[in-house]
Colleague: 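Once you've had a glance at the structure underneath, I'll fire off some questions.
These numbers were taken from a predicted model, which means no experiment stands behind them.
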Amino acid sequence: RVVGLMAQPRNEAANENNEGANVFVHAEIFSGSWNAYMAALTSLDTLYDLGCGDGRIVIGAAARGARAVGIDIDPGLIARCQENARLAGCADSVEFRVGNFFQVDLSQATVVTLYLLTSVNRALRSRLLALQPGTRLISHSFDMDDWLPDRMVTVACKQLYLWTVP
């Protein structure tokens, strides 16, 4: 199982309690160039974060005026997301759902963020390509094999990939 953005102190082992079951990313990775992508969000956008972790991407999108939805299979993480949104003062403008992102309806998304292994991205690809033309897809670290991104940016030695649904 891959979990999206997580808040962990830099010196903590990412897999300390999960024995390698989860992939974690620190918030610093999403600063800088990530914010440039986020700045493209408008109040007309609806962002879906698949594997939303602690909800930072969703909360950040809401702060920029976008409607934002986080999906995670872990109810504990969703509870954490809801608390983080409450603390950020945006609980009324975000939505967090316990769910399997292979089954959730993404048809309202104009932006989808992913921090999932290439094999998972590949498994989602047909669903992502079925989204409305112009929908932006942003993946941290993992590509989609032969579907070349429109743009790649390196942040803190990690790749961010951007695709636009044709």
Colleague: Backbone N or O of V58 within a donor-acceptor pair of the D49 side chain at under 3.5 Å?
Modeller: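 Looks like no, no N/O pair under 3.5 Å.
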Colleague: Tell me yes or no: between the side chains of T118 and D145, is some donor less than 3.5 Å from an acceptor?
Modeller: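 D145 and T118 do not have a side-chain donor-acceptor pair below 3.5 Å.
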Colleague: Do Y115 and S141 make a side-chain contact, defined as non-hydrogen atoms from C-beta onward lying under 4.5 Å apart?
Modeller: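 Yes, side chains in contact.
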Colleague: Report the C-alpha distance between R127 and L106 in whole Å, list the side-chain angles of each, state the deciding distance to 0.1 Å, and finish with yes or no for side-chain contact (heavy atoms from CB on, under 4.5 Å).
Modeller: CA-CA 8 Å; R127 295 197 68 223; L106 300 174; 4.0 Å; yes
Colleague: Nearest 0.5 Å, what's the OG1-CG distance between T42 and L44?
Modeller: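 Nearest 0.5 Å value for the OG1-CG distance: 4.0 Å.
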Colleague: Does D143 use its side chain to pair, donor to acceptor, with the backbone of L148 at less than 3.5 Å?
Modeller: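 No; judged by distance alone, with no hydrogens or angles, the pair does not exist.
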Colleague: Does any part of the side chain of L124, heavy atoms only, come nearer than 4.5 Å to the side chain of L116, both counted from C-beta?
Modeller: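 L116 reaches L124 side chain to side chain.
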Colleague: Looking only at heavy atoms, what is the nearest atom pair of T46 and Y48, with distance?
Modeller: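 Looking at all heavy atoms of both residues, the closest pair is CG2-CE1, 3.6 Å.
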Colleague: If I compare all heavy atoms of A61 with all of L47, which pair ends up nearest, and what's the gap?
Modeller: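 For A61 and L47, the tightest heavy-atom pair comes out as CB-CD1, 4.1 Å.
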Colleague: What distance do I138 atom CD1 and D150 atom CG have between them, rounded to the nearest 0.5 Å?
Modeller: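 With rounding to 0.5 Å, CD1 (I138) is 11.0 Å from CG (D150).
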Colleague: I59 and A85: which non-hydrogen atoms are nearest, and at how many Å?
Modeller: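 That closest heavy-atom pairing would be CD1-N, 3.5 Å.
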Colleague: Just one of V112, V120, I73 clears the side chain to side chain contact (heavy atoms under 4.5 Å, CB included) bar with F101, so which one?
Modeller: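 Among the candidates, only V120 passes.
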Colleague: Could R136 and D45 be called an ion pair, given the rule that one side-chain N must be under 4.0 Å from one carboxylate O?
Modeller: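 Judged by the 4.0 Å cut-off on N to carboxylate O distance, R136 and D45 do form a salt bridge.
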Colleague: For D92, does the CG atom have more than 12 heavy-atom neighbours from other residues, nucleotides or ligands under 6.0 Å away?
Modeller: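 No, CG of D92 has 12 or fewer neighbouring heavy atoms, counting only those of other groups under 6.0 Å.
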Colleague: Quick one: CD1 on I71 to CZ on R97, what's the gap to the nearest 0.5 Å?
Modeller: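 Going from the CD1 atom of I71 to the CZ atom of R97 covers 4.5 Å.
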Colleague: Can you tell me if T164 uses its side chain to pair, donor with acceptor, with the backbone of G134 under 3.5 Å?
Modeller: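 Judged by distance alone, no pair lies under 3.5 Å.
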Colleague: Closer than 4.0 angstrom, basic N to acidic O: yes or no for R80 and E83?
Modeller: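 The answer is no: the pair does not qualify as a salt bridge.
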Colleague: Could you measure the distance from the CG atom of N84 to the CG atom of D54? Nearest 0.5 Å is fine.
Modeller: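 So the gap between those two atoms works out to 5.5 Å.
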Colleague: Going by heavy atoms in the side chains, are L131 and L137 under 4.5 Å from each other?
Modeller: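 Heavy-atom side-chain distance check passes, below 4.5 Å.
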Colleague: Taking the side chain as every heavy atom from C-beta outward, state whether S139 and N121 have any pair of such atoms under 4.5 Å apart.
Modeller: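 Side chain of S139 against side chain of N121, heavy atoms only: contact under 4.5 Å found.
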Colleague: What are the two closest non-hydrogen atoms of I78 and G70, and how far apart are they?
Modeller: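 Nearest heavy atoms, I78 then G70: CD1-O, 4.4 Å.
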Colleague: Within the 4.5 Å heavy-atom criterion, are P149 and L160 side-chain neighbours or not?
Modeller: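 The answer is no, as the side chains (C-beta and beyond) never meet within the 4.5 Å cut-off.
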Colleague: Is there a side-chain contact between E95 and R67 (heavy atoms, below 4.5 Å)?
Modeller: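 Side chain of E95 against side chain of R67, heavy atoms only: contact under 4.5 Å found.
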Colleague: Which heavy atom in M152 sits nearest to a heavy atom in Y161, and how many Å separate them?
Modeller: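 Here M152 and Y161 meet closest at SD-CE2, 3.3 Å.
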Colleague: Set out, in order, the CA-CA distance, both residues' side-chain angles and the distance that settles salt bridge (Lys or Arg N to Asp or Glu O under 4.0 Å) for D146 and R125, then state yes or no.
Modeller: CA-CA 11 Å; D146 60 343; R125 193 160 116 175; 2.7 Å; yes
Colleague: If you draw a 6.0 Å radius around CD in Q108, do more than 12 non-hydrogen atoms from other residues or ligands fall strictly inside?
Modeller: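 Count not over threshold, so no.
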Colleague: Do the ring planes of W147 and W163 sit parallel (below 30°), tilted (30 to 60°) or perpendicular (above 60°)?
Modeller: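 Rings of W147 and W163: tilted, as their planes differ by 30° to 60°.
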Colleague: Might you point out which heavy atoms bring L114 and L50 nearest each other, and give the distance in Å?
Modeller: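 Between these two residues, the closest heavy atoms are CD2-CD1, 3.6 Å.
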Colleague: Nearest 0.5 Å, please: how far is CG in L77 from SG in C52?
Modeller: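 Going from SG on C52 over to CG on L77, the span is 7.0 Å.
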Colleague: Taking CD in Q132 as the centre, count heavy atoms belonging to other residues, nucleotides or ligands within less than 6.0 Å. Is the count above 12?
Modeller: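 Check fails, neighbour count at 12 or below.
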